[in-house]
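For clarity, every value in this text was computed on a predicted model and none was experimentally measured. These values consider heavy atoms only, across backbone and side chains, with no hydrogens, waters or symmetry-generated copies. Note that ligands are numbered from 1 as they come in the structure, with each ligand's atoms numbered from 1 the same way.
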Amino acid sequence: MAEITESKNFIHAFIDEDIAEGGRYAGRTVHTRFPPEPNGYLHIGHCKALIIDFGTAEKYNGLCNLRMDDTNPTKEDVEFVEAIKEDIHWLGFDWGDRFYYGSDYFEKDYEYAVELIKKGLAYVCELTPEQFKEYRGDLNTPAISPYRDRPMEESLDLFARMRAGEFEDNKYTLRAKIDLASGNFNMRDPVIYRIRHMHHHRQGDKWCIYPMYDFAHPIQDALEGITHSLCSLEFENHRPLYNWVVENVSVPHTPRQIEFARLGIDHTVLSKRKLRNLVENGYVSGWDDPRMPTLCGLRRRGYTPASIRNFCERVGVAKSPNTIPYAFLEFCLREDLNETAQRVMAVLKPVKLTITNYPEGKSETVTVENNPNRPEDGTREVTFSRNLWIEADDFLAQPIPKYKRLYPDGPECRLKGAYLIKCTGCVTDENGNVVEVLATYDPESRGGDPADGRKVKGATIHWVDAETAVDAEVRQYSNLFDDADPDAAGKDYLSCLNPHSLEVLTGCKVEASLADAKAPASYQFMRLGYFCPDSKDCAPGHLVFNRSVSLKDSFKPGK
Ligand code: ATP
Ligand code: MG
């Protein structure tokens with residue numbers, strides 16, 4: 001498992017205080033939880049929460065529970081539960097045997113609600129949703145709650161009948177009796193139970209009343225013995241209610257809620273609802289479309305757990321909202337793959353290169369390094385012959401200033417790992433398009449650059465032997481959204497979609513060693529970027545690669 005950085009963040013500072021002598025959790029094991037709502041796949045924002053929840057537990061030799069927050073019966077979908085588990089394991093985190101469902105506590109939630117009624121701290125209200133809004137008051141006016149003083153016995157009776165299914169949806173609610181004049185509207189006698197005649201994916205039709213998140217969540221935390229309930233900033237205003245619940249029902253523990261800023265990334269949306277919309281309306285091929293910011297999408301794109309964890313750790317834990325450039329996520333991936341990915345040669349937009357003074361029918365092998373950063377990865381043999389494929393843009397019939405690649409009578413260029421060649425001309429079709437580049441080689445120059453010590457003015461060019469090359473499809477991706485902030489409030493994110501976010505190249509030529517490539521694997525296609533076999537569509541005989549990330553492009557003419 002990758003190491004969690006030791007840098008102090010404010011959450012750790014709070015925890016240090018709490019577990020110090022005399023602190024509220026002195027002598028206790030630090031215990032956190034990750035509570036995803038199983039209504040979609042995890043995205044990179046959840047990774048940040050995962051790293052905070054599981055990473056904090058790791059740092060303190062504590063525990064982290066995985067709890068499906070399925071309190072709300074409207075949205076859960078069992079399909080997502082397994083996917084969420086798979087994604088968390090893939091990132092390298094483990095909850096051991098501490099896997100829970102929020103809905104498993106419904107009976108307990110009910111008991112605690114009854115306890116509140118008996119203590120005079122909750123009552124059954126019969127305002128309609130419209131009236132509820134109307135009576136909410138404003139900062140200068142307290143809320144009005146006409147049923148607040150309903151006798152306890154009557155509330156108990158009504159609540160039992162609510163559970164028994166006697167009333168239709170919204171007819172009654174159970175409200176906590178807190179403070180109608182509070183400056184925090186969440187404390188103005190919030191609804192803690194409502195009637196919903198809905199099927200629950202695990203509880204079936206057992207319940208027709210459901211607890212509100214603000215009531216259920218602190219109880220779940222407390223029952224599981226969570227010490228630190230870490231959540232995103234939108235729950236800050238709910239903390240007083242969280243504390244109120246924990247203090248007023250007889251739960252065995254008193255967890256502490258601490259909030260952190262949500263992760264935002266530019267050029268993408270991080271909301272399951274919006275991501276789901278992209279999937280359901282066919283804007284992308286699925287939750288695991290390699291352009292999606294979901295964990296399964298990033299994985300299919302070629303992101304590694306280490307790159308994502310590094311990214312989240314470096315972004316750090318902040319108290320104020322922050323949007324991180326997508327380019328930084330790419331930077332973290334490049335950094336990881338630079339260390340680990342095997343170098344291979346692939347030509348994406350091929351043109352034929354004929355070495356006119358190389359004997360026809362001859363073939364030889366040259367040796368190339370698998371990864372210059374890891375000599376221990378060794379070398380491999382690549383075949384070389386008279387007919388090669390090179391990138392079409394490594395040749396220009398008419399050179400432009402500072403162009404150091406192939407052009408007629410241009411400089412000597414190194415074919416990576418093989419010979420020096422000099423371009424002598426080209427063959428064009430009737431429309432003037434280049435169909436073949438011609439060159440001569442220097443038989444004395446064999447050897448990897450700069451093995452023979454010869455320095456040349458021209459660039460080093462990648463190539464693939466036409467005799468042994470394998471065809472491949474390559475999918476190149478760019479931002480799913482043109483707009484830097486498609487997630488901004490009020491923006492129509494669908495109108496910000498980049499129509500060119502996927503470019504499919506067919507007829508690409510890759511070296512023979514890739515003939516059996518399959519996911520998971522990452523390669524650096526020399527001079528082009530990092531690519532991975534597509535986990536769904538790549539098969540022997542039909543190679544499909546995704547571009548994970550480009551290299552920093554230092555090969556542009558003029559540089
Ligand atoms: P979404 O809006 O995408 O549905 P959510 O908060 O409703 O997100 P949950 O499944 O409830 O999704 O989230 C599980 C945990 O992940 C919560 O603790 C939540 O705070 C956290 N989380 C979700 N999105 C982010 C984010 N962008 N950055 C940090 N944490 C996040
Ligand atoms: Mg949520």
Identify, by atom number and element, the atoms of ligand 1 in contact range of [X], meaning under 4.0 Å from any of its heavy atoms.
| X | answer |
| --- | --- |
| Phe34 | 15 (C), 16 (O) |
| Phe260 | 29 (C), 30 (N) |
| His43 | 3 (O), 24 (N) |

Is a salt bridge present between Arg301 and Asp289, judged by a nitrogen-to-oxygen distance below 4.0 Å?
no

State plainly whether the residues Arg475 and Glu473 are in salt-bridge range, i.e. N to O under 4.0 Å.
yes

Short N or O distance, [X] and ligand 1, threshold 3.5 Å exclusive:
| X | answer |
| --- | --- |
| Asp69 | no |
| Lys48 | no |
| His46 | yes |
| Phe235 | no |

Check each of [options] against [atom] and report the one with the nearest heavy atom.
| atom | options | answer |
| --- | --- | --- |
| atom 21 (C) of ligand 1 | Ala49, Gly40, Pro38, Gly264 | Ala49 |
| atom 31 (C) of ligand 1 | Gly45, Cys47, Ser271, Ala261 | Gly45 |
| atom 8 (O) of ligand 1 | Arg262, Glu37, His217 | Arg262 |

Dump the intermediate steps for side-chain contact (heavy atoms from CB on, under 4.5 Å) on Trp287 and Leu295, then the final yes or no.
CA-CA 9 Å; Trp287 285 96; Leu295 279 186; over 6 Å; no

Taking all heavy atoms of Tyr210 and all of Met198, pick out the closest pair and write down the distance.
OH-O, 2.9 Å

If the condition is ring-ring contact (aromatic ring centres under 6.0 Å, His included), which residues does Phe159 pass it with, not counting sequence neighbours?
Tyr110, Tyr193

Whether the side chain of Asp288 engages the backbone of Gly297 through a donor-acceptor N/O pair (distance < 3.5 Å, no angle test) should be reported.
no

Using the salt bridge (Lys or Arg N to Asp or Glu O under 4.0 Å) criterion, which residues pair with Asp483? Sequence neighbours excluded.
Lys491

